[in-house]
Amino acid sequence: MYDYIVVGSGITGLATAYHIKLMSPDSSVIVIDKEDSVGAGDTSKSAAAFRAAFTNKVNLMLAKGSITFYERVQNEGFSLGMLRVGYLFAVDATSDSIVRQGVRAAESLGVDVDELQPEILSKTLLMRTEVGGSEESKIVGAGDIVRGYLFKYAGVLDAEKLVDYYYSKLRSMGVEFQLGVPVKEFVVSPAKPLGIEGEPFPWEEARVSGVRLEDGRVLEAKRKIIAAMGVWANDLLNPIGIDTYSRPKKRQIFVVKADTQELRSMLYAEGLNSEKVMPFTVLPKGAYIRPNPTESTFWIGMADELGRPFARDENPTAEERYYTYGILPVLSLYFPQLGLKYPEASWAGHYDISFDGLPVIYEPYSSGLVVVAGTSGSGIMKGDSIGRVAAALALDMDEVELGDGTSFKVSLLGLEGRGAERELLIL
């Protein structure tokens, strides 16, 4: 029997276990995952970037706290592959108003944002900013770039190194791991068992007491169980009457090699940050380019909304058609030099999207089960803060200190205490 059982070894599960152990050193903790290694699910398939760039101030607080913590880890000698290259939103007249909301939110919390004129983008990134008169722009419904917003407290990192950091820390702290054995079900037990077959009955006080593994073993928790399984959570929680209030959607990333002088000049752009690397660049319609300078490649994806299904795929794969007909028309409009290239590699994972674009962290029915969901699309960049909030809830705390010293109310990510507007900058 363990004090705390964490189901899921992605960033949020690892961070939660880490902060439980920091806040309660004498507690016994085990992390369970169906994969043979930690961080092998959607964490390993993310865009691996970070940004203090959201329209919602709660999301912004979470991101700032995590980024500050990650930079401290790296400055203390554990490389996370962090490059503060910034996030550049290149906007047309239609997308300008939404991103401007993110600018106002960032500036209200002291985050620097530079406004760049189109000619700067043309010069540094070789971007074609005047497209409004072309037949392609009319078909796509995207116009001239009117300005760029460069969020400076943002950049890219190495997700594998971040996983390694938490894993090494947890092992040194005595946290146990059970890998390669899936959880079959969560065990619901009566708080005061009567010994009658069929318990718990609807009128009995019940709690989630443990997990039954596929190999038949049952692991019990003295205090709390944390479900941090991402898009797989509803498969196990819905059967016991618990909802994550989040749904899965496929995320696809395509890799293009910077193998021409023009593309290398674009990737290793000067004048926008001290790293001399292009920022993570977001175009109208949600197409984005994530620089990967260590391998001289671009990671290209798109944030889409209406028309794509909410569905979980056990082994998701990237779709050639999605790149050719979904991403390329927008990408080639502003970067013709990329439009001439075809991806040399690709992969797919999932977003785990909540109803308002914020994480969902709550304990339903005083059940002893803490749900951690709705974290994808920004799980890496908010991972440490999410772990702190989930750990605090598991330890029955009302507030927790984030990585930048900010005090954060746990209820802000619950169901009753949210009181927050929907996030508009989901990538």
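Comment: K341 engages D259 in a salt bridge, judged by a side-chain N to carboxylate O separation of less than 4.0 angstrom. Of the charged side-chain nitrogens involved, at least one lies within less than 4.0 Å of a carboxylate oxygen, so that D114 and K152 count as a salt-bridged pair. Taking 4.0 Å as the cut-off between side-chain N and carboxylate O, R84 and E71 count as a salt-bridged pair. Ion pair K34/E314 flagged as a salt bridge, since at least one NZ, NE, NH1 or NH2 atom sits closer than 4.0 Å to an Asp/Glu carboxylate oxygen.
With hydrogens and angles ignored, the 3.5 Å screen pairs a side-chain donor or acceptor of R388 with a backbone N or O of E401. In this structure, the side chain of T16 does not engage the main chain of A391 through any donor-acceptor pair within 3.5 Å. Checked by atom type and distance alone, the side chain of D42 never pairs as donor or acceptor with a backbone atom of K45 at under 3.5 Å. Between the side chain of S66 and the backbone N or O of D384 there is at least one donor-acceptor pair closer than 3.5 Å.
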Give the intermediate values and the outcome of side-chain hydrogen bond (donor to acceptor under 3.5 Å, both in side chains) for residues R251 and Y351.
-> CA-CA 6 Å; R251 169 169 51 194; Y351 293 106; 4.9 Å; no
Report the C-alpha distance between Y153 and T68 in whole Å, list the side-chain angles of each, state the deciding distance to 0.1 Å, and finish with yes or no for side-chain hydrogen bond (donor to acceptor under 3.5 Å, both in side chains).
-> CA-CA 9 Å; Y153 204 43; T68 301; 2.9 Å; yes
In sequence, state the C-alpha distance, the side-chain angles, and the governing distance for F177 and Y167, and then conclude on ring-ring contact (aromatic ring centres under 6.0 Å, His included).
-> CA-CA 10 Å; F177 285 82; Y167 183 58; 4.9 Å; yes
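Tested against V370, the residues V6, I225, I226 include a single side chain to side chain contact (heavy atoms under 4.5 Å, CB included) partner, I226. When each of R422, R418, E421 is paired with L358, the side chain to side chain contact (heavy atoms under 4.5 Å, CB included) condition holds for R418 and for no other. Each of Y288, Y149, F280, F151 was checked for a ring pair (Phe, Tyr, Trp, His ring centres under 6.0 Å) with F89, and the lone residue meeting it is F151.
The 12-atom threshold is exceeded at CD of Q117, counting heavy atoms of other residues, nucleotides or ligands nearer than 6.0 Å.
Taking the ring centre of F298 as origin, the terminal cationic atom of K257 falls outside the region bounded by 6.0 Å and 45° from the ring axis. In this structure, K249 is positioned above the aromatic face of F310, its NZ or CZ under 6.0 Å from the six-membered ring centre and within 45° of the axis. Judged by a 6.0 Å distance limit and a 45° cone about the ring axis, R264 is not positioned over the six-membered ring of Y268.
Side chains of D352 and T375: a donor-acceptor N/O pair is absent below 3.5 angstrom, by distance only.
Of all the heavy atoms in Y87 and A49, the pair that sits closest is OH-CB, 3.2 Å. The two residues I380 and A159 have their closest heavy-atom pair at CD1-CB, 4.1 Å.
Taking the six-membered ring where tryptophan is involved, the planes of F69 and Y18 are tilted, since the angle between them lies from 30° to 60°.
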